[in-house]
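A quick write-up on the structure given underneath.
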Protein chains: 2
Amino acid sequence: MQYFLEPRSVVLVGVTRASGVGAYNNLEMTLRYGYRGRIYVVHPRVAEILGHRTYSQVGDLPEVPDLAVISVGRENVLPVFAACVQHGIRHVIVISQGFADADRRGSELQKQLQALAQAAKVRVVGPNTLGIVNAFNGFSTAFIDIPRDPSPPPLTIVVQSGVFQVGSESFTGRFGKGIDIGNAGDVDFVDVLEFLEHDPQTQIIVMHMEGIGQGREFLETAGRVARQKPVIVLKTGRSIAGARAALSHTGSMVGEDAAFDAAFARAGIIRVHNSIELRAVSRAFLHFRSMPGPKLAVVTASGALGIMTADACEDYGLELAPFPEPVGEALKNSNIGWHRLSNPADVWPLGMVSGSFTEVFKRTACLMLADDRVDAVLGIAPVFSSPLHQDLDMAAVGREIAAVNHRGKPVAFWLYGGNQAKVAAALAEIEHVACFGSLDEAIIGLSACHRYYRRLRNELDSHTPRHPQKADDTRPAAHRLAEGVHVGRSAFELLEHYHISTPREELTQDAATAVIAAGKIGYPVVLKIISPQWLHKSDRGGIRLNVSNDRELRQAYAELTELFMSRTPDAGLDGILVQQQVKGTELLMGIKTDPQFGPILVLGMGGIYTEIFRDTARSLLPVRSQQLEEMFRALRIYPLLEGTRGQAGVCWSALLETALALGRIGMEHPEVTELDLNPVVANADGCWCVDCRIIVQEVG
Amino acid sequence: MQYFLEPRSVVLVGVTRASGVGAYNNLEMTLRYGYRGRIYVVHPRVAEILGHRTYSQVGDLPEVPDLAVISVGRENVLPVFAACVQHGIRHVIVISQGFADADRRGSELQKQLQALAQAAKVRVVGPNTLGIVNAFNGFSTAFIDIPRDPSPPPLTIVVQSGVFQVGSESFTGRFGKGIDIGNAGDVDFVDVLEFLEHDPQTQIIVMHMEGIGQGREFLETAGRVARQKPVIVLKTGRSIAGARAALSHTGSMVGEDAAFDAAFARAGIIRVHNSIELRAVSRAFLHFRSMPGPKLAVVTASGALGIMTADACEDYGLELAPFPEPVGEALKNSNIGWHRLSNPADVWPLGMVSGSFTEVFKRTACLMLADDRVDAVLGIAPVFSSPLHQDLDMAAVGREIAAVNHRGKPVAFWLYGGNQAKVAAALAEIEHVACFGSLDEAIIGLSACHRYYRRLRNELDSHTPRHPQKADDTRPAAHRLAEGVHVGRSAFELLEHYHISTPREELTQDAATAVIAAGKIGYPVVLKIISPQWLHKSDRGGIRLNVSNDRELRQAYAELTELFMSRTPDAGLDGILVQQQVKGTELLMGIKTDPQFGPILVLGMGGIYTEIFRDTARSLLPVRSQQLEEMFRALRIYPLLEGTRGQAGVCWSALLETALALGRIGMEHPEVTELDLNPVVANADGCWCVDCRIIVQEVG
């Protein structure tokens, strides 16, 4: 990556001969941005562009530049690339569009480019990229005239669109280095992360991601980096329409969005969902270094905004610190003896009677900041543009608070009134101080910081193995399942191999045998139609519950047989299953193979409410007992599992063992792409898988 | 209200003698804001302030001013007020703090002020207010120097804190009139709404509300106004901490937040939840006049931002319009034959090859705008500050689009890059065009417009009767219930009077009688402990389900009796109830009397999942069948009621009749403050209330 970000020399191929307004000439922009290395320009027809003599082909260059930047039409990219390779150039940025972001031909061209690059061991950024913008050394490949940040912050953006580099004011606010990997034809998120891990100019990493190739590899790297530097990801294409658009923008395949949540949580990645969160969270990490606790102290010039702050804290998972009574005593003013401070602390009345609002504001903030139970301070104050309100110098207040902020707690500001921009800029210069454009952004930013630093403090092990590992269990894996859909007996056999309990049952071909089976199993029993054509049996009435005696069994048996014959006369009936009826809380447990992140365990509410409440928790496999417990605790039905309202809780050891065993199946059977246990019935005595469906696909 | 907003003369009492920086002198601010009426100043000691001669008391004034503005210490407010009354002044603003916003003494003072005002028929705004800011005539009572809007927009804010007037840049953006009712000691939201209804300078009403007194009266007025002018309400104190803070800020009592949702929905009020939504929705209504459909066309300079737009549409309830194929054909460029437009339409590549991005952007936007299936257009484009990008003149693009926007569809812009503020200001001048500070704000604003204008078009009847009305049912109301908690028989009697079905049942004192009862009722039956001390029976194991025969009944009966004796040896046992067991979907239905809005009907999922999923819908009473159907449809469990997955749906007529009857109870029994039917069991044959709890309080 070093050569992409800090090339000593670069050749530009595909520079337009026009310059000035509306020309989007990337040579012009590279020069304006302040690049100090050697620039070569290749142009087949023009002898000189913007005072730079040109070469008619790459082979004519007097040296082998560190980097080539190609922005010719897509049909010419491969020949130019080949010439670069032949000349010995080892790093290439392909700006050109029309590859996997376009049509089948484009995907084909991108594959050829990848093959060429791999064979020659040349690294490629792009295609379909704006390339590199590095404010530290002034190197930019953008065809947009970007103002260079005079004191680049240690925030690096890794994106799939140049818009985050050219319009950063609307996104991360500022950045030091920007790397647009475009279609990620060769250099991908993992390559960049591995470089940034050891880059001293990068302390915060913000990514814009439309899709990802090697999910597990990414998580391994990102998880490692996230323990040293916050990794913030804006993953777009969350919606169905958005996912479709992502496919056509950078050719990114987008898996199920919930899988990204599970994956990012495992790696300790901070996910943001929209441009507001992106801006808020970027700013918070840029200015705040630590916030292990959730308790916020609020100093406000407006009681109304204090109320809104309390609402916002609840919305985004922060808490209001208890108000330190000595602070109230210290600030009391006998002229308004009725006035009581609390948290949020509305200091306006005190400011008015004391004659100096800023003095009262500052004293209150400093006193609260000094309190051990306060993890961060939010200041809410007016900044009016009128000369009559010069007394409200909030930048000075910020500096005075910072002077006593020895523990480096976050000090956030939300200012209102007409003079925000100027004061915000001044506050941004102060250590551990940040000013946000809205209350919600302040609270969103602080909350993200808190969650990140809490996790760091808790030192949760977020290691994600790159390759499936064996669990402790030493039983041999069951043999692989045949391709297709497995239900009933063949599915249960796999479960039983992993010691997952299933109800006692017997597949029967006639009512007489069924009566004998029920006698052995014990009433009440359940009758089920078993047929490959009846996968969703309960939807079609193919299940009879609460069969309590021989008479009811005979009748239900006859009805089910008739139902089957009338609905699907041509289907094959394996038989009618007589099954022990187990009662308890209905859960679902399952495995789903995500195209990007591999096997994922899903736990949740089962039975008829599965689809209605979608009360589920996901985790990448493998999982350990502690993670399983956290998953169950994340479910809304957790209180039912624990036992409330006069009902006994479920048998936890049985529940955890079942889920662990299922996880082991997920790791040991890559051929299983989908496995649904629904319902798993759990009660105080145990936990039984009542129905199971397995989909097996040929593994490539 | 006219005299508050447009007084011909005003007397200020409590003006500080200091002026200039940090003085917060309200005479100075009134003069600076541009008030042209006659100003009198009352001061007991100083002869002249800022060139105005003073009067030592109100009685000395040479005329009776239209309005008095009092900002003395709270202990002096009443004497000054009395002097104003005696002098004949009929409109008074009390700026002073320390009333219901403070302590008990303050509440007492406020009550005295109210009594004085009522007796003298004098109207009072405040106390604890900044008063009036009217940009139309330049009248302001604020002690802050506010820049006056040179062309006031028809947006009026009615607030409980002056912060929305002095810092409007951070809230509604702009406003024409601002009325701070503070503690709402006399003039309240209803008074102001009644005035604004007929005020031609007001076309949009934005409220900041901490609490409300007469909820029904407010809804009646607001519902009427909202059919002519959008009414947007920021109701704060949503959280528990926020509600506590609201009580101490303006002395506002805050009811259950869900009640506000139900109430606002009934009246057609647009609720916003935070400062971001407030800014977005205010801006949208200020610029957009109609948007009955949900279909958005997006023109973007960035594919990445198009994807984010698709995500945001799903988040906030808009849809992407189908892409008009002829537009794609019209804009095709053979130099990039691989490029395909869709919606969102990423026009950057076309702009680059055609040589004019703005031309392509404009053509695309105009073509999409002309499509009948498009209800609004969102433009996403860069505005860079560099002189090299002067070609990206998005203000000109906005004007050209507006020139062909004959149907007045909303045209929203989200601009990124460093030159936003200037271009946004230029765009704001164009009819039906608005520029938003973030993508989410644009979509939130458009979505709120869409919902409002759809409702207007649907002409949903949103009439809320001020006083409970009789339903069509002509049966006489049941007699009033005695104070206390009613369960079991006495509760069921009320239900039966309203023809709400309950299971067959008999209260028994011994097992032998219970066996006979079960024989009459028919097995299976349920046994329940009935005791005033056992209201939450199921939590304590006081219910036995599925009792199938005499033997089981005797055993369960003995166990329940023993349980009761061991748990509550001193409690009174009314008996053990033998009840027909009904099976089906478990619902809850209830009535809750809200302190602000009166009786509210609650429908939802019942049984053990009630607390876990809180799947409920609320509506103010009375309700009609159509509204009940909408409530049921709003539940997540609605598919179960309709019947899916092989299960029969419920009997709708029985369900609706039960809910209607419950609504009638709510209207005819003001003494019932809480009524819970849980569960109500619904199946294909009918609907039975299985358990009922009624709380009756003395009505004042």
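All figures in this text were calculated on a predicted structure; none of them were measured in a lab. Computed from heavy atoms alone, side chains included, the values below leave out hydrogens, waters and symmetry copies. Below, read A as the first sequence line, B as the second, and so on, with proteins coming before strands; counting in each chain starts at 1.
Looking at B/E319, neither its backbone nor its side chain comes within 4.5 Å of chain A, counting heavy atoms on both sides. Within the 4.5 angstrom heavy-atom criterion, no atom of A/I543 approaches chain B.
Separation of atoms CD1 (B/I637) and CD1 (A/I612) is listed at 7.0 Å; rounding is to 0.5 Å. The distance from atom CG of A/L234 to atom CE of B/M308, rounded to the nearest 0.5 Å, is 5.0 Å. In this structure, CG on B/L439 lies 8.0 Å from CG on A/N274, to the nearest 0.5 angstrom. For the atom pair CD (B/E441) and OG (A/S438), the distance works out to 7.5 Å, reported to the nearest 0.5 Å. Atom NE2 of residue B/H273 and atom CG of residue A/D440 lie 11.5 Å apart, to the nearest 0.5 angstrom.
The candidate with the highest count of non-hydrogen atom pairs below 4.5 Å against chain A, out of B/S161, B/G542, B/S275, is B/S275.
Side chain of B/D391 to backbone of A/V21: no donor-acceptor contact under 3.5 angstrom is found.
B/F99 and A/W338 have their aromatic ring centers separated by at least 6.0 angstrom.
Taking the six-membered ring where the residue is Trp, B/W414 and A/F171 present perpendicular rings, their angle passing 60° and hence far from 30°.
Counting all heavy atoms, side chain and backbone alike, A/D311 lies closest to B/R238 at OD1-N, 2.9 Å.
For the pair A/Y416/B/E169, no side-chain contact is recorded, criterion being any heavy-atom separation below 4.5 Å from C-beta on. Counting heavy atoms from C-beta on, the side chains of B/M605 and A/Y609 come closer than 4.5 Å. In this structure the side chain of B/D145 never reaches within 4.5 angstrom of the side chain of A/F384, judged on heavy atoms.
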